[in-house]
Amino acid sequence: MIKAVRGTRDLLPPDTALWSFVDETARAVFRAYNFQEIRTPIFEDTQLFSRGVGEETDIVSKEMFTWEDRGRAQSEKGQLITLRPENTAGVVRAYIEHNLQTRGLNKLYYIGPQFRRERPQKGRYRQFYQIGAEMIGPPTSGSESPARDAEILELLATFLDRLGISGWTLQLNSIGCAQDRANYNEALRNALDPVKSRMDPDCQRRAVTNPLRVFDCKVPEDQPIIEQLPRISEFLDEPCRKHFEQVQEILKSVGVPFTLNDRLVRGLDYYSRTAFEFTHGALGAQNAILGGGRYDGLSEQLGGPKAPGIGFAIGEDRLVLALNRSAEEMQSKPDVYIAPLGAGMDRESARLARELRHQDLMVELGDETFRLKKSLETASKLGARFALIVGENEIKADSFALKNLATGEQVSVPHSELVERIRPNS
RNA sequence: GUGGGAGUAGCUCAACCGGCAGAGCACCGGACUGUGGCUCCGGAUGUUGCGGGUUCGAUUCCCGUCUCCCACCCCA
């Protein structure tokens, strides 16, 4: 048997109803904040990610699905192509390619699959889905303003609330401007040098390769050492510190709760200043439901104009896990099940079904070879509100037996009154 | 990529020390020829993930492999 390949999966009904609910809620929220949809290609030039996301990140160094496209001529070298592991780089590429800076502040969102070649586990797949948004534009468009950071975070809180997801925590940090990070990295290395030999081997490795990552060490014995390390907050220059304070002030003013976490580090190279993560308790080791931050230098890094931006990506797979709702109840149910009764009734039923469906009713259509018992059984199983019996008597009288499947009550309804009697809330 | 656990009917899971592969739910038919849900009766369902090995005999033991789950790494 041919099976879905490792780390990929089929989303089937009724579960897909949950996904639709999430997608539709997201679109509604984005609309309220005046975001517009962008769709970028699923694969891109490999260089976009190595330069944008960062050569040294795990994503680029070991998790990308990359292949060499065939060259035009036999002899010609092919281009390296990569399935997108995230979508921010693609959006910024499109921003540059289409001169979107001429539009001022761009507020863009996307919903779609991303690909990372990781070992699968719960809440982590090789093809996974992200709902994300980016606010990007020239500095004069206000793209750098702390008001934008706060707007994004408030949008996220609203979105999670509208989905009915409770128990989330917003972890907030500022990782400073490029210069701050360089200074901080330097200070961290100096602080780690004399003590790192006492640390867990894995943490030692981080101390050398990427000192910021030391804060992710979970080994209990190393915590006292980590506690003593300098904090990024002490290295923020005046504008950065002020920016961060203003973000917090707006959040307080709109009533979005947050927790400052100066150990929060984001994995992608392009982040600067505001960094955040929403976590959720019920997800096991993959507790980050979404993450994001500022990327003020990304556009320039990709050869574009100065275009500060802020964005986030939500792990939709994880969001659906955290969604404490049954797919069953989410599924929409037919308003009416039409039960054709006996030879020739399929064609009469088809006409009725067409008529009702054109009135925007949800109609399921049976089969004239079914016995009435089986039709009614099927109708209740589908959760239809009514069964409409279409037999010879009904056709002659042009009046149909309409059975309320919840109460069992059955009445004969003239053809002209059917829509009115079946329509919900009427 | 590393370490560990699991894989048996559509689903959830049994099967003692190696001895005829089972139950509940779901499904189908009937009791009831134009009336569902409740009840009763009957029915079908399997490459025991896959491949090899040991054995008279393997769901069971061994090896390999695939997939999922958990943890690590890292991230959404």
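Just so it is clear, the values below take in all heavy atoms, side chains as well, and ignore hydrogens, waters and symmetry mates. We name chains A, B, ... by the order of the sequence lines, and we start the count at 1 in each one.
If you take atom P in B/rA31 and the same atom in B/rC25, they sit 22 Å apart, rounded to whole Å. B/rC63 and B/rG4 have their P atoms separated by 12 Å, with the value rounded to a whole Å. Spacing between B/rG64 and B/rC70 at atom P, rounded to whole Å, works out to 24 Å. A gap of 35 Å separates the C1' atoms of B/rC74 and B/rC13, to the nearest Å.
Note on A/K403: a base of the nucleic acid sits closer than 4.0 angstrom, heavy atoms only. Within 4.0 Å of A/Q121, counting heavy atoms only, lies at least one base atom of the nucleic acid. The residue A/L290 sits close only to the backbone: its heavy atoms come under 4.0 Å of sugar-phosphate atoms, none of a base. Looking at heavy-atom distances under 4.0 Å, A/E86 makes no contact with the nucleic acid at all. Among the atoms of the strands shown, only primed sugar atoms or phosphate atoms (P, OP1, OP2) are found under 4.0 Å from some heavy atom of A/I289. At a threshold of 4.0 angstrom between heavy atoms, the contacts of A/G342 with the nucleic acid are absent. Using a 4.0 Å heavy-atom distance criterion, A/G132 is classed as making no nucleic acid contact. A/R9 comes within contact range of no nucleotide atom at all, as no heavy-atom separation falls under 4.0 Å. Here A/E118 lies in heavy-atom contact (under 4.0 Å) with a base. Using a 4.0 Å heavy-atom distance criterion, A/F386 is classed as making no nucleic acid contact. Residue A/G7 is in sugar-phosphate contact alone, with no base atom involved, counting any heavy-atom pair closer than 4.0 Å across all strands shown.
Closest contact between the side chain of A/R6 and the listed nucleotides B/rG36, B/rU67, B/rU33 involves B/rU67. Of the candidates B/rA76, B/rG29, B/rG34, B/rG34 carries the atom nearest the A/E394 side chain, counting heavy atoms from C-beta on.
Ring geometry for A/F278 versus A/W168: interplanar angle of 30 to 60°, hence tilted.
For A/R124 against B/rC74, a side-chain-to-base donor-acceptor contact under 3.5 Å is present. For A/K373 and B/rU35, a side-chain-to-base donor-acceptor distance below 3.5 Å is absent, hydrogens and geometry of angles not being considered.
Note on A/R119: every side-chain N or O is 4.0 Å or more away from OP1 and OP2 of B/rC69. Between B/rC28 and A/K381, a contact under 4.0 Å exists linking OP1 or OP2 to a side-chain N or O. In this structure, A/R371 does not reach the B/rG29 phosphate: none of its side-chain N or O atoms is under 4.0 Å from OP1 or OP2.
Comparing A/K62 and A/A4 by the nucleotide of RNA chain B that holds the closest heavy atom to each, the one mapping nearer the 5' end is A/A4.
With a cut-off of 3.5 Å on both pairing distances, the Watson-Crick or G-U wobble partner of B/rC27 is B/rG43. Nucleotide B/rA14 is matched to nothing when pairs are restricted to Watson-Crick or G-U wobble geometry with both distances under 3.5 angstrom. Figure legend. B/rG7 is base-paired to B/rC66; pairs are counted as Watson-Crick or G-U wobble with both atom distances under 3.5 Å. Within the shown strands, nothing qualifies as a pairing partner of B/rA76 under the Watson-Crick or G-U definition with both distances less than 3.5 Å.
Here A/Y109 and A/F35 keep their ring centres 6.0 angstrom or further from each other.
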As a quick check of understanding, evaluate salt bridge (Lys or Arg N to Asp or Glu O under 4.0 Å) for A/E24 and A/R27, giving each step before the final call. CA-CA 5 Å; A/E24 283 158 22; A/R27 288 178 194 280; over 6 Å; no
